[in-house]
Asker: 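Just passing along the structure, written as C-alpha cells.
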Amino acid sequence: MSDSVDDAQQRARYWPVPVLRAVPAAVIAMVITFSPNHSAGFGLVLFGVFALVDGAVLAWASASRLPGDGRSRRTGVVQAVLSVLAGVAAIACGGIGLPAFISIVVAFAVLAGALELTQGVRARGRSPFARDWTTVGGLTLLLAVAFLVTPPDYSQQLGGVERVTGTLDASIVLVGLLGAYLAIAAVFHLIAGLSHKWGTAAPAATPDGAPHA
C-alpha cells in the first residue's frame with residue numbers, strides 16, 4: 001500500500017495541471033463553435049493562442065509539479081518547447097492560409113502526440129498519470145491523421161433541402177476538426193484533473209503505522 005500513498009501524494013501535487021490544460025482548449029473550442037469565421041488564417045491564430053498557453057502550462061508543470069522522474073520532466077519540457085514554437089509559428093504565419101495551417105497543426109500533432117503517448121507508455125505501472133498521457137497523446141495523433149486525410153482542395157456547394165447557401169471547403173472542415181479535438185481534450189483533461197483531486201486522500205493508517213488494505 002506504500003505505492004498507493006505515493007500515488008495520492010503525486011495526484012495531490014499534479015491535479016491542477018490537467019485542469020489548467022483544459023481551460024485554453026475549452027475556450028478556443030467555444031470560440032470556434034460560435035464564430036462564423038472558419039478561415040484558415042483565423043484557425044492559425046486560434047491554434048497559436050492555444051499552443052502558447054498549453055506550452056506555458058506544460059513548462060510550469062515540468063518545473064514544479066511532476067514527480068521526481070527526470071525522464072518525465074525532460075519529456076514535459078520538450079513538449080512545452082514544441083507547443084510554444086508551434087504557437088509562435090502559427091501566429092506568425094496567419095496570413096499564409098491553408099498550407100501553413102495544415103503544416104503547422106500536423107507537425108505539432110505528430111511530434112507532441114508521439115511525445116505524450118511515449119511518455120504514457122513508458123510510465124505505465126509507475127505513474128498514476130500514464131493513462132492520461134497515453135490517451136491525450138493518441139488523441140493528438142488522431143488530429144494529425146484527420147488533417148492529413150482531408151483533401152486541401154475539398155469543396156462542396158451547400159444547398160438542397162437544407163436551403164443553406166455557401167461553400168463547405170477544406171478550411172471550414174479543418175477548423176471544425178480542430179475545435180472538435182480541443183473540445184474532447186478539454187473534457188478529458190477536466191475529468192482527469194478532478195479525478196486525481198478526489199483521489200488524493202491517503203489510506204488510513206493502523207495503530208502500528210501501516211496503512212489499511
Side-chain angles (χ1 to χ4, degrees), residues 16-58 60 79-80 82-110 112-113 116 132 135-195:
V17 175
V19 173
L20 289 175
R21 292 187 72 185
V23 174
V27 170
I28 299 301
M30 286 191 294
V31 171
I32 291 174
T33 299
F34 295 107
S35 173
N37 183 358
H38 279 197
S39 67
F42 189 56
L44 273 167
V45 172
L46 292 179
F47 170 75
V49 172
F50 158 74
L52 286 172
V53 178
D54 193 56
V57 172
L58 287 170
W60 168 74
Q79 190 178 343
L82 281 173
S83 295
V84 171
L85 290 176
V88 171
I91 293 174
C93 297
I96 297 179
L98 190 60
F101 185 44
I102 295 173
S103 299
I104 292 172
V105 173
V106 168
F108 162 83
V110 169
E116 195 153 7
D132 299 350
T135 303
V136 175
L139 178 64
T140 305
L141 287 173
L142 284 177
L143 175 66
V145 173
F147 265 60
L148 288 172
V149 300
T150 301
D153 58 351
Y154 176 81
S155 181
Q156 178 69 45
Q157 194 69 31
L158 300 176
V161 295
E162 297 88 355
R163 297 185 180 276
V164 177
T165 59
T167 302
L168 178 66
D169 58 16
S171 174
I172 296 173
V173 172
L174 293 174
V175 173
L177 287 172
L178 176 62
Y181 159 77
L182 292 175
I184 295 170
V187 172
F188 180 83
H189 280 313
L190 184 60
I191 293 174
L194 295 179
S195 297

Asker: Please give me the minimum heavy-atom distance between A26 and A186, naming the atom from each residue.
Answerer: N-CB, 3.6 Å
Asker: Hey, does F50 have a side-chain heavy atom less than 4.5 Å from the side chain of V31?
Answerer: no
Asker: Apply side-chain contact (heavy atoms from CB on, under 4.5 Å) to V175 and F42, showing your working.
Answerer: CA-CA 9 Å; V175 173; F42 189 56; 5.7 Å; no
Asker: Show me the pairs that pass ring pair (Phe, Tyr, Trp, His ring centres under 6.0 Å) and involve residues 85-110, at least two apart or across chains.
Answerer: F47-F108, F101-F147
Asker: Taking the side chain as C-beta and beyond, is there a heavy-atom pair between V17 and W60 under 4.5 Å?
Answerer: yes
Asker: First locate atom CG of L143, then atom OG1 of T140, and finally report the distance between them rounded to the nearest 0.5 Å.
Answerer: 7.0 Å
Asker: Quick check: closest heavy atoms across A170 and P151, and the distance to 0.1 Å?
Answerer: CB-O, 3.4 Å
Asker: Listed by chain and number, what are the side-chain contact (heavy atoms from CB on, under 4.5 Å) partners of A80, not counting sequence neighbours?
Answerer: L58, A59
Asker: Taking T33 for its side chain and G179 for its backbone only, find out whether a donor-acceptor pair lies under 3.5 Å.
Answerer: no
Asker: Would you check if Y181 and L139 make a side-chain contact, meaning some heavy-atom pair closer than 4.5 Å?
Answerer: yes
Asker: Quick check: closest heavy atoms across A144 and V110, and the distance to 0.1 Å?
Answerer: CB-CG2, 3.7 Å
Asker: Got a sec, which residues hit side-chain contact (heavy atoms from CB on, under 4.5 Å) with A29, two or more places apart in sequence or on another chain?
Answerer: L182, A183
Asker: Strictly by side chain to side chain donor-acceptor pair (under 3.5 Å), give each pair with a member in residues 88-109 just once, sequence neighbours left out.
Answerer: none
Asker: Which of these, L52, I104, L44, sits in a side chain to side chain contact (heavy atoms under 4.5 Å, CB included) with I91?
Answerer: L52
Asker: For the CD1 atom of I102 and the OG1 atom of T150, what is their distance to the nearest 0.5 Å?
Answerer: 8.0 Å
Asker: Check the side chains of S39 and N37 for a donor-acceptor pair under 3.5 angstrom, ignoring hydrogens and angles.
Answerer: yes
Asker: On a heavy-atom basis, which atom in L141 and which in G113 lie closest, and how many Å separate them?
Answerer: CG-C, 3.9 Å
Asker: For H38 and I32, indicate whether the former's side chain and the latter's backbone hold a donor-acceptor pair under 3.5 Å.
Answerer: yes
Asker: With side chains defined as the heavy atoms from C-beta onward, is the minimum distance between L190 and V187 less than 4.5 Å?
Answerer: no
Asker: List the residues meeting side-chain contact (heavy atoms from CB on, under 4.5 Å) with L142, not counting sequence neighbours, and say none if there are none.
Answerer: none
Asker: Scan residues 18-28 for pairs that pass side chain to side chain donor-acceptor pair (under 3.5 Å), counting only residues two or more places apart or in two chains.
Answerer: R21-D54, R21-E116
Asker: Do the side chains of P16 and V19 get nearer than 4.5 Å, heavy atoms only?
Answerer: no
